[in-house]
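Residues: numbered from 1 along the sequence shown. When a ligand or atom number is given, it counts from 1 through the structure's own listing order.
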Amino acid sequence: MEELRRRILQDGRAINEQVLLVDSFLNHQVDVKLMQEIGACFAARFADAGVTRVVTVESSGIAPAAMTALDMGLPMVILKKSASMILSDDTVQTEVFSFTKNAPYQLTLKRRFVHPGDRVLLIDDFLANGAAAFGAIRLIERCGAEVAGIGTVICKAFQPGLARLREAGYRVEPLAEITRMDEGVIEFADDNGV
Ligand code: G4P
């Protein structure tokens, strides 16, 4: 997605080889118009996937996921990062280890929001190690639903998440695929410019 790549180059800042700051349009201040374009792009890419529900992980995935759900005319579900106070048969929970925060958290979903037979499009802001994505997949599949695709706004392809998800057989569509970063340097893969 050309406009996204342009914004990353203009407003993003690679602070080292691993971390890209995009808090002026994605993680803190949110450019809603850009999110709308991102939503339309995901909707077009997954138009053939028979999606019935959009799922995301709080909090920075919510804006792009909401715009995708709006464009596709589908419900959106947010996976919570806190443990449920009332664990019941209605709730599924899994531990996810955040590499950036170096701490685990409990990803939580109420079964009544994802049903057997659903085809879920999972949308998130970043794909790095894939820990959040694999945690989300565990919960979605535990509810009897199928993951129809994974849309990630920014994918750091030099970290293992993208390869691991594809090796596991999931369809992953990054809108901006970064192949290398360093202080002041951001390089993209050539094949996802639209
Ligand atoms: P993983 O899920 O792919 O394994 O990634 P990891 O644990 O490393 O990432 C955890 C958090 O850090 C996620 O946000 C993710 O979006 C974010 N993150 C990963 N790499 C970058 C990066 O290069 N730049 C920025 N800005 N964020 C990155 P989170 O902790 O869940 O926070 P939020 O969604 O509430 O914002």
Can Glu167 and Arg164 be counted as an ion pair, charged N to O under 4.0 angstrom? no
Provide the number and element of each atom of ligand 1 under 4.0 Å from a heavy atom of Gly130. 1 (P), 3 (O), 4 (O)
Value for CG (Leu165) from CG (Leu127), rounded to nearest 0.5 Å, stands at 5.5 Å
Between Arg111 and Asp90 (salt bridge meaning N to carboxylate O under 4.0 Å), is one present in this structure? no
Give, for atom CD1 of Ile8 and atom CD1 of Ile186, the distance between the pair rounded to the nearest 0.5 Å. 7.0 Å
Rounded to the nearest 0.5 Å, how far apart are CD of Glu146 and OH of Tyr170? 9.0 Å
Quick one: nearest non-hydrogen protein atom to atom 35 (O) of ligand 1, plus distance? Ser59 OG, 2.8 Å
Check each atom of ligand 1 against the heavy atoms of Leu20 and keep those under 4.0 Å away; list them by number with element. 22 (C), 23 (O), 24 (N), 25 (C), 26 (N)
So which protein heavy atom does atom 21 (C) of ligand 1 come closest to, and at what separation? Lys156 NZ, 3.3 Å
Find the distance between CG (Leu4) and CD (Glu2) and round it off to the nearest 0.5 Å. 9.5 Å
Parallel, tilted or perpendicular for Phe42 and Phe46, by the 30°/60° rule? tilted
To which protein heavy atom is atom 15 (C) of ligand 1 closest, and what is the distance rounded to 0.1 Å? Phe126 CB, 4.0 Å
Where the side chain of Glu58 meets the backbone of Lys81, is there a donor-acceptor pair that is under 3.5 Å apart? yes
Val19 heavy atoms, cut-off 4.0 Å: which ligand 1 atoms fall inside? 23 (O)
Taking Glu37 first and then Lys33, would you say they form a salt bridge - that is, a charged N and a carboxylate O separated by under 4.0 Å? yes
Checking side chain to side chain donor-acceptor pair (under 3.5 Å) for the pair Thr152/Asp124: CA distance, chi angles, key distance, verdict? CA-CA 5 Å; Thr152 178; Asp124 211 352; over 6 Å; no
At less than 4.0 angstrom from any non-hydrogen atom of Lys81, what atoms of ligand 1 do you find? 29 (P), 30 (O), 31 (O), 32 (O), 33 (P), 34 (O), 35 (O)
Take Asn16 and Asp182 through the side chain to side chain donor-acceptor pair (under 3.5 Å) test and state the conclusion after the steps. CA-CA 5 Å; Asn16 55 39; Asp182 209 337; over 6 Å; no
Would you mind running through ligand 1 and noting each atom that sits below 4.0 Å from a heavy atom of Asp125? 16 (O)
Please tell me if atom 11 (C) of ligand 1 is touched by the protein, where touching means a protein heavy-atom distance below 4.0 Å. yes
Once you restrict to heavy atoms under 4.0 Å, what part of Val96 touches ligand 1? Side chain, backbone, both or neither. neither
Look at atom 5 (O) of ligand 1 and say which protein heavy atom is nearest, naming residue and atom and giving the distance to 0.1 Å. Ala128 CB, 3.6 Å
If you measure only the distance, is there a donor-acceptor pair under 3.5 Å linking the side chains of Thr52 and Arg119? no
Take every heavy atom of Met181, measure it against each atom of ligand 1, and state whether any distance is under 4.0 Å. no
Just going by heavy-atom distances, which of Ser60, Gly161, Ala103 is nearest to atom 36 (O) of ligand 1? Ser60
Ligand-side contact atoms (ligand 1) for residue partner Lys101, heavy atom cut-off under 4.0 Å: 29 (P), 30 (O), 32 (O)
Within 4.0 Å of some non-hydrogen atom of Asn129, the atoms of ligand 1 are 1 (P), 3 (O), 4 (O), 5 (O), 8 (O)
May I ask you to list the atoms of ligand 1 that are less than 4.0 angstrom from any heavy atom of Gln18? 23 (O)
Assess Leu21 for proximity to ligand 1: is some non-hydrogen atom of it under 4.0 Å away? no
min-distance protein heavy atom vs atom 9 (O) of ligand 1 -> Thr100 OG1, 3.4 Å
Nearest to atom 26 (N) of ligand 1, what protein heavy atom do you find, and at what distance? Asn27 OD1, 2.9 Å
Can you tell me which residue and heavy atom of the protein come closest to atom 4 (O) of ligand 1, and the distance to 0.1 Å? Ala131 N, 2.8 Å
For the atom pair CG (Leu9) and CZ (Phe188), what is the distance rounded to the nearest 0.5 Å? 4.5 Å
Residue, atom and distance of the protein heavy atom nearest atom 7 (O) of ligand 1 read Phe99 N, 3.0 Å
Under-4.0 Å salt bridge between Glu173 and Arg171: yes
I'd like to know if Glu58 contacts ligand 1, where contact means a heavy-atom distance under 4.0 Å to any ligand atom. yes
Evaluate Ala132 for polar contact with ligand 1, using N/O atom pairs at a separation under 3.5 Å. yes
